[in-house]
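Working notes for the structure below.
It should be emphasised that the depicted structure is a prediction, and the values quoted were computed from it without experimental measurement. Chain naming here is simple, since letters A, B, ... match the order of the sequence lines and numbering starts at 1 in each.
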Number of protein chains: 2
Amino acid sequence: MARGSTRPTSRDVAQAAGVSQAAVSLVLGDKWRGRVSEATAERVREAARDLGYRPNLAARNLRLGRTRTVLLVVPALTTEFFAGVYTGAARVAAEHGFGVVLYPSPEGIGPARDPFASAQAALDGVIASSMAADALTAIRGEALPLVMLDSDPAGSLGAATVNLDIADGVRQVAEHLLSLGHRRFIHLAADVPSWTFEVRARELAARLAEVPGTSVRTARAPISIEGAVASAEAALSAPGARPTAVICDDDQLAAGTYKAARRLGLRIPDDLSVTGVDDLALATAMDPELTTVHLDAELFGEHGMRALLAVLEDRAPESGDIPVQLMVRSSTAPPR
Amino acid sequence: MARGSTRPTSRDVAQAAGVSQAAVSLVLGDKWRGRVSEATAERVREAARDLGYRPNLAARNLRLGRTRTVLLVVPALTTEFFAGVYTGAARVAAEHGFGVVLYPSPEGIGPARDPFASAQAALDGVIASSMAADALTAIRGEALPLVMLDSDPAGSLGAATVNLDIADGVRQVAEHLLSLGHRRFIHLAADVPSWTFEVRARELAARLAEVPGTSVRTARAPISIEGAVASAEAALSAPGARPTAVICDDDQLAAGTYKAARRLGLRIPDDLSVTGVDDLALATAMDPELTTVHLDAELFGEHGMRALLAVLEDRAPESGDIPVQLMVRSSTAPPR
DNA sequence: CGCCTAAGGTTGTACGTATAACTTCGGTTT
DNA sequence: AAACCGAAGTTATACGTACAACCTTAGGCG
């Protein structure tokens, strides 16, 4: 590979086309109308093509003081959910000439405190999801335009927020199970300090408190299939009347609950109803298929990016939570 | 948010510390030994801290002609496998002061031809996995240092390659199933033009051809759980003696096969053995747990990054495929 | 006929950084 | 005492781009 050969610059193109560097910049920047003749413009474009010219982004970014690049901070990268968020955000970004850089946060990658050390690219803004408080502080220190995903609107220090209407999702789950006749529940909660999970807990407790005769045991587990198994198993075998339904904070926890149920010889949905949140591919692959709250990850990412663009242009981002939808499948049935 | 206020530059720091801009650059760049007194250096560091100074990366990149940023091109982002690859690559990168930018390729994101339009950051190199030929060509056009993951060593145009020893994985699967007594197979192949899948097909065919009395039906499906169901169902219900084992190109296809088997009333592993490749979380969540080839994604990413660093430093990258390991679980048993 | 204007450019500069080349000065060596 | 030297800086410059401000020429017009 020709490592020594430097890439052509706009000056090289200018020389090849017999014009000044400024003319090249005008033509390729599409600002040439009325300033450069059509013939000359074509000569420039041709020279650029021949030389394989590509503008030096570092120079352009320096000159313009902006990079048209935003950072998407996601909590690890282990599920397709954030892949969807990225896809949606990147699509909207591309429509506006922006790029999206991904930063899967902590756990073993470099200095966890500092997303910006890892993202060497200079940034115009940040979309951050479910972050630890210290990482959030680091970002605020940058005073970069910021949009928070699934974050407490009241506690976001004035940053714009874009949220899924997860409270409504929880209500749908509760309604569904209550109407089937369930009264004794386990809430298998994600052991992650994040607003979106607080909402789940609060909303569920609030709704069930309205119905006399209900009880809820809360169990906690890290978000992973393996992590959920032990918690679910313990909660299911605790003394007292066994709960008839397990409400999980997400689909991975639900998958863990399936495993725990199998170990205990409980059949789903006959002995136990299970619900999740996310609607990952996993949800329809399991047997029986999982009743879960469908989240539109791509739409979520799109809204996040649109909100950031609004902030960047000093417009007010649209408000309103993104609707979610309970998908009733085969993992829920009336208790026996 | 104070959008108008511009960030402090090294000149601002210099002024605050009462030194020249060059001194600031020396101190913060850790090149000051013997050039600046300890006392002055400390004044500079303090001023930088007080002002919240952060170097402008666009300017630095322009000056140095390199970005310490590499691009990791992955085929969509739907599984945890590439999350692992990223994690490994990013860890090694961070150890060497590099950042990794992720580019989940085609399908709905901007101009699919041009990974570089999306990755606005200027790049020092590229790690590319399983790419379509045209994207590869675009990269070669850049003449950027390149490492290919899971790509034909013979056909990579001289680019360095880092590969999993997938051929060995396939041999382990074949050996396992043959020794259980299986003779009639379905090969559920990923419908993706990629070297790693060609290897699976070739190696499997080669091994089975050595054993008299074996037969293989090949079915193809896009890599997704849903996509695999129809293919698997069709292959299982085709006329002729039903195969007793389905060898899947990856775990998602295996999950689809589980669904198809359920629909057809076939029990795993009693009526049908199933194997996968990848060892995703999915594999141990399914019932029964999936016999599959474990791929160490993080190690793969680490090797990829190390190879790229070698190329960047004009060293020869180490060679040798990364070993893989068959995990025998409960989805395989002797045929009845 | 001289002046104005528009077309079609060019010249010059700034963005913020890293570093090569120079300066200054107190102390040492010969 | 002259020459030298290292420490502790400073000055100047280049990276490649975008764009404001300037220049030149030819034609139109009063």
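Shown here is A/Gln15, whose CD atom has no more than 12 heavy atoms of other residues, nucleotides or ligands within 6.0 Å. A 6.0 Å sphere centred on CD of B/Glu318 holds no more than 12 heavy atoms belonging to other residues, nucleotides or ligands.
The listed nucleotides are D/dT17, C/dG16, D/dT11; the one nearest the side chain of B/Asn56 is C/dG16. The B/Leu62 side chain lies nearest to D/dC15 when the options are D/dC15, C/dT17, D/dT17. Residue B/Leu64 places its side chain closer to C/dT19 than to any other of C/dT17, C/dT10, C/dT19. Looking at the side chain of B/Ala23, the nearest of the listed nucleotides C/dT17, D/dT17, D/dT10 is D/dT10.
For B/Arg306 (side chain) and B/Val92 (main-chain N/O), no donor-acceptor pair under 3.5 Å exists by modelled atom type.
Going from atom CG of B/Asn61 over to atom P of C/dG16 covers 15 Å, rounded to whole Å. Taking atom CD on B/Gln21 and atom P on C/dA14, their separation rounds to 15 Å, with Å as the unit. For the pair B/Arg54 CZ and C/dT17 P, the interatomic distance rounds to 13 Å; values are reported in whole Å.
Here B/Ser10 does not reach the OP1 or OP2 of C/dG16: none of its side-chain N or O atoms lies under 4.0 Å away. Remark: B/Ser20 is in phosphate contact with D/dT10, judged by side-chain N or O atoms under 4.0 Å from OP1 or OP2.
Between A/Arg11 and A/Leu26, the residue anchored closer to the 5' end of DNA chain C is A/Leu26, taking for each the nucleotide with the nearest heavy atom.
Of the residues in residues 29-52 of chain A, those with a non-hydrogen atom less than 4.0 angstrom from any atom of DNA chain D are A/Lys31, A/Arg35.
For A/Arg45, the salt bridge (Lys or Arg N to Asp or Glu O under 4.0 Å) criterion is met by A/Glu38, A/Glu42, not counting sequence neighbours.
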Inset, instruction - Apply side chain to side chain contact (heavy atoms under 4.5 Å, CB included) to A/Leu102 and B/Tyr86, showing your working. - result: CA-CA 10 Å; A/Leu102 217 48; B/Tyr86 172 86; over 6 Å; no

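The closest side-chain heavy-atom distance from B/Val85 to B/Val74 is not below 4.5 Å.
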